[in-house]
Amino acid sequence: MINETVRVRFAPSPTGYLHVGGLRTALYNYLFAKSNKGTLVLRIEDTDRARFVEGAVEKLIEALRWAGLEYDEGPDKDGNYGPYVQSQRLQIYKNHAEELIKSGKAYYCFCTSQRLEALREEQQKLKLPQAKYDKHCLSLTSDEVSEKLSENTSHTIRLNVIGGQKISFTDVIREIVEFESDNVDDQILIKSDGNPTYHLANVVDDHLMKITHVIRGEEWLSSTPKHVLLYDAFGWEPPVFAHLPLLLNPDRSKLSKRQGDVAVEDYRDKGYLKEALINFVALLGWNAGDDREFYYLDELAENFSLNRVNKSGAVFDIQKLNWLNAEHLRKLPDDRLLQMLKTEISFSQYKDKKFSDEYLLLITAAMKERVSFVKEFISSCSYFYEAPSEYEQKSVEKNWKPETPAHLIRLSEEFDRLDIPSKEDYESVLTKVAEELGIGKGNLIHPLRLAVSGQSTGPGMFDLLYILGKNEVIKRINTALEKISTQ
RNA sequence: GGCGCGUUCGUCUAGUGGCUUAGGACGCCGCCCUCUCAAGGCGGAGAUCACGGGUUCAAAUCCCGUACGCGCUACCA
């Protein structure tokens, strides 16, 4: 099903951040474009002046770039919008609406919002099945219309929907969807402020930009008949539609701010890897039909197919995201891990301390399998950055025996005799001492770990000693001997 | 209210009429490994496939109905 001429678009409205649901929509568009060698267009749908947010377009672009979803056409990061921001294309929509008026497919409406509101109230009172515009202004004569227009009467342009017809379209994900035109309102195309509504701008742009597949969220399914009617009115071929299932809160309502983070920036700031977020969100509503869970972006593109997108909404399960984050973290190349750790350190209490790359790399190697987030390379093993100031009480009670100080002094003396010890050196020394004392290695290891790290958990003992280095180890043993006995 | 869409373990899902005593993953529990914690390996609990009718020799899979959930119902997108 490879189509060389595939053109898709991601068309968010600039709300100030990129919603994770939007990220998934963008991702599916990206994957579909990639797997068909097609083109992905980014188009900003900012026709609602009342909801204008400063800097929102830039934020959107930045979030997309962070996630690695490169688009082929669209506004760029330097503020060159080109023809891809709707607020800069107002005349185009106006012209198209007027074309529809000329052909009798649309008409001017001079009704005030008060009349519209009253109409709606009345219809509700009468318990009419649905509230719809009563086509009041359709009966105006052309003279009346020109008079009102010349008087600059506030007006909108509405689509004249003819009742009694079936509107059906094919959705890749849901197959054939049917609506009655009786249930479709005379949609406003141009608002009284001169701006187009989403419906008009969207249809006009999708046509002008030669979009072949409209892949968007399910919240648009109900307005698709309006769009189909519009394509029809213009005499255009509608694109193929694919309505994606919604991302859900744990209570199964549409994913919202109130119940957790929804902005991709939030996840980025919390330390989630773009690889993990992309991987996770890709699997929310799609799978290749096998058991595979781990993907990189390019691998998703190789395997993606719209036909395998699910119909039902998916709960955003943070636990699985966390797991994927850990999985991706472990596979991160050393240089990237190092960079991320350094950045993390520069924001931490250790920002003024100097650590060599070699040292930090030893830490990540030792901790990789014990953390899910980069920041845990600091928070879960602070003893690599400073000597412990406290000793875990539970471990003291369990592992600090009356004979422990003597054992540790013995170990410390033996370590001191070593010249630049390796892990193996530490291990053989400790093994030897344990044998001579006639005790299990654990009896030395647990108190030793407590002494040098202050904790009862962490990497392998000999890795820990090796990373800290002989002098530091001896110093910490001495400190622990003083502090713990008096604790 | 109307219209539309959906409904398989807590969650993400496999399943397109017989291979299914419904498979995998996350999470949870246990065991193994082991100096701890992880990682890894092995195993366990967990789904009367929303419910009720059909069709069929045979249905999670096809049809009809009901329930429930969600979305839309704006001069928002």
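In what follows, chains are A, B, ... by sequence order, proteins preceding strands, each numbered from 1.
The residue A:Glu180 sits apart from the nucleic acid: no heavy atom pair falls under 4.0 Å. Using a 4.0 Å heavy-atom criterion, one finds that A:Ser312 contacts the sugar-phosphate atoms exclusively. Among the protein residues, A:Phe316 comes within range of no part of the nucleic acid, since none of its heavy atoms lies under 4.0 Å from any strand. Among the atoms of the strands shown, only primed sugar atoms or phosphate atoms (P, OP1, OP2) are found under 4.0 Å from some heavy atom of A:Val177. Across all strands shown, A:Gly460 has heavy atoms under 4.0 Å from base atoms, whether or not it also approaches the sugar-phosphate. Heavy atoms of A:Glu293 sit under 4.0 angstrom from at least one base atom. Within the 4.0 angstrom heavy-atom criterion, no nucleotide atom of any strand lies near A:Pro245. Nucleic acid contact for A:Asn310: sugar-phosphate only, since backbone atoms but no base atoms lie under 4.0 Å from a heavy atom of the residue.
The gap from the C1' atom of B:rA67 to that of B:rG52 amounts to 10 Å, rounded to the nearest Å. Across the C1' atoms, B:rG18 and B:rU56 are found 12 Å apart, a figure rounded to whole Å. Taking atom P on both nucleotides, B:rC33 is separated from B:rA22 by 34 Å, rounded to a whole Å. Comparing the C1' positions of B:rA47 and B:rG15 gives a spacing of 14 Å, expressed to the nearest Å. Atom P of B:rU16 sits at a distance of 24 Å from the matching atom of B:rC5, rounded to the whole Å. Nucleotides B:rC9 and B:rC49 place their C1' atoms 10 Å apart, quoted to the nearest Å. B:rA77 and B:rG65 have their C1' atoms separated by 36 Å, given to the nearest Å. On the P atoms, B:rG23 is 14 Å away from B:rG43, given to the nearest whole Å.
B:rG1 is paired with B:rU73 under the Watson-Crick or G-U wobble criterion, all donor-acceptor distances under 3.5 Å. Under the Watson-Crick or G-U wobble criterion, with both distances below 3.5 Å, B:rG6 is paired with B:rC68. Nucleotide B:rG43: paired with B:rC29 (Watson-Crick or G-U wobble, both distances less than 3.5 Å). The partner of B:rC62 is B:rG54, by the rule that a Watson-Crick or G-U pair needs both atom distances under 3.5 Å. In this structure, B:rC35 forms no base pair with any nucleotide, since neither Watson-Crick nor G-U wobble geometry is met with both distances under 3.5 Å.
One interatomic measurement links the two molecules: CG of A:Leu246 to C1' of B:rU7, which rounds to 15 Å at whole-angstrom precision. Computed from coordinates, the A:Gln455 CD to B:rA38 P distance equals 13 Å when rounded to whole Å. The distance from atom CZ of A:Arg370 to atom C1' of B:rC37 is 6 Å, rounded to the nearest whole Å. The CH2-P distance, from A:Trp286 to B:rA25, rounds to 18 Å in whole Å. Atom pair A:Arg24:CZ and B:rU13:C1' shows a separation of 14 Å (rounding to whole Å applied). When rounded to the nearest whole Å, the span between CG of A:Asp251 and C1' of B:rG10 equals 14 Å. Atom C1' of nucleotide B:rG4 and atom NZ of A:Lys166 are separated by 14 Å, given to the nearest angstrom. Rounded to whole Å, atom P of B:rC3 lies 11 Å from atom CG of A:Asp182.
For the pair A:Phe179 and A:Gly289, both in contact range of RNA chain B, the more 5′-proximal nearest nucleotide belongs to A:Phe179. Along RNA chain B, the nucleotide closest to A:Val315 and the one closest to A:His446 are compared, and the more 5′ of them pairs with A:Val315.
For the residue pair A:Ser312/A:Asn310, the side-chain donor-acceptor check at 3.5 Å is not satisfied. Between the side chains of A:Tyr71 and A:Asn29, no donor-acceptor pair is found at a separation under 3.5 Å.
Cation-pi geometry between A:Lys470 and A:Phe415 is not satisfied (NZ or CZ under 6.0 Å from the ring centre, within 45° of the ring normal). By the 6.0 Å and 45° rule, A:Lys331 stacks over the aromatic ring of A:Phe294. Relative to the ring axis of A:Tyr133, A:Arg158 places its NZ or CZ within 45° and under 6.0 Å from the centre.
The residues A:Glu299 and A:Arg292 are annotated as salt-bridged, a charged nitrogen and a carboxylate oxygen being separated by less than 4.0 angstrom. In this structure, A:Asp251 does not pair ionically with A:Arg258, as no charged nitrogen and carboxylate oxygen lie closer than 4.0 Å. Ion pairing of A:Arg43 with A:Glu45 is present here, as a side-chain N (NZ or NE/NH1/NH2) and a carboxylate O approach within less than 4.0 Å. For the pair A:Glu99 and A:Lys105, the salt-bridge criterion is not met [side-chain N within less than 4.0 Å of a carboxylate O].
Two residues are said to be in side-chain contact when any heavy atoms from C-beta on lie closer than 4.5 Å; A:Leu244 and A:Arg216 fail this criterion.
Distances from the side chain of A:Asn287 to the nucleotides B:rU11, B:rU36, B:rA14 place B:rA14 closest. Nearest nucleotide to the A:Arg252 side chain, out of B:rA38, B:rU11, B:rA25: B:rU11. Of the candidates B:rA38, B:rC26, B:rC3, B:rC3 carries the atom nearest the A:Asn183 side chain, counting heavy atoms from C-beta on.
Counting distance only, with no hydrogens placed and no angle test, the side-chain atoms of A:Arg174 and the base atoms of B:rC5 include no donor-acceptor pair under 3.5 Å. For a distance-only test at 3.5 Å, the side chain of A:Arg449 qualifies as a donor-acceptor partner of the base of B:rC35.
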With 3.5 Å as the limit, what N/O pairs link the protein to nucleotides 75-77 of chain B?
| residue | atom | partner | partner atom | Å |
| --- | --- | --- | --- | --- |
| B:rC75 | O2 | A:Ser192 | N | 2.6 |
| B:rC75 | O2 | A:Ser192 | OG | 2.6 |
| B:rC75 | N3 | A:Ser192 | OG | 3.0 |
| B:rC75 | N4 | A:Cys111 | O | 3.2 |
| B:rC76 | OP2 | A:Lys191 | NZ | 3.0 |
| B:rC76 | O2' | A:Asp48 | OD2 | 2.7 |
| B:rC76 | O2' | A:Arg51 | NE | 3.3 |
| B:rC76 | O2' | A:Arg51 | NH2 | 3.0 |
| B:rC76 | O2 | A:Arg51 | NH2 | 2.6 |
| B:rA77 | OP1 | A:Thr47 | OG1 | 2.9 |
| B:rA77 | OP1 | A:Lys191 | NZ | 2.9 |
| B:rA77 | OP2 | A:Tyr198 | N | 3.1 |
| B:rA77 | O3' | A:Glu45 | O | 3.4 |
| B:rA77 | O2' | A:Ser13 | OG | 2.7 |

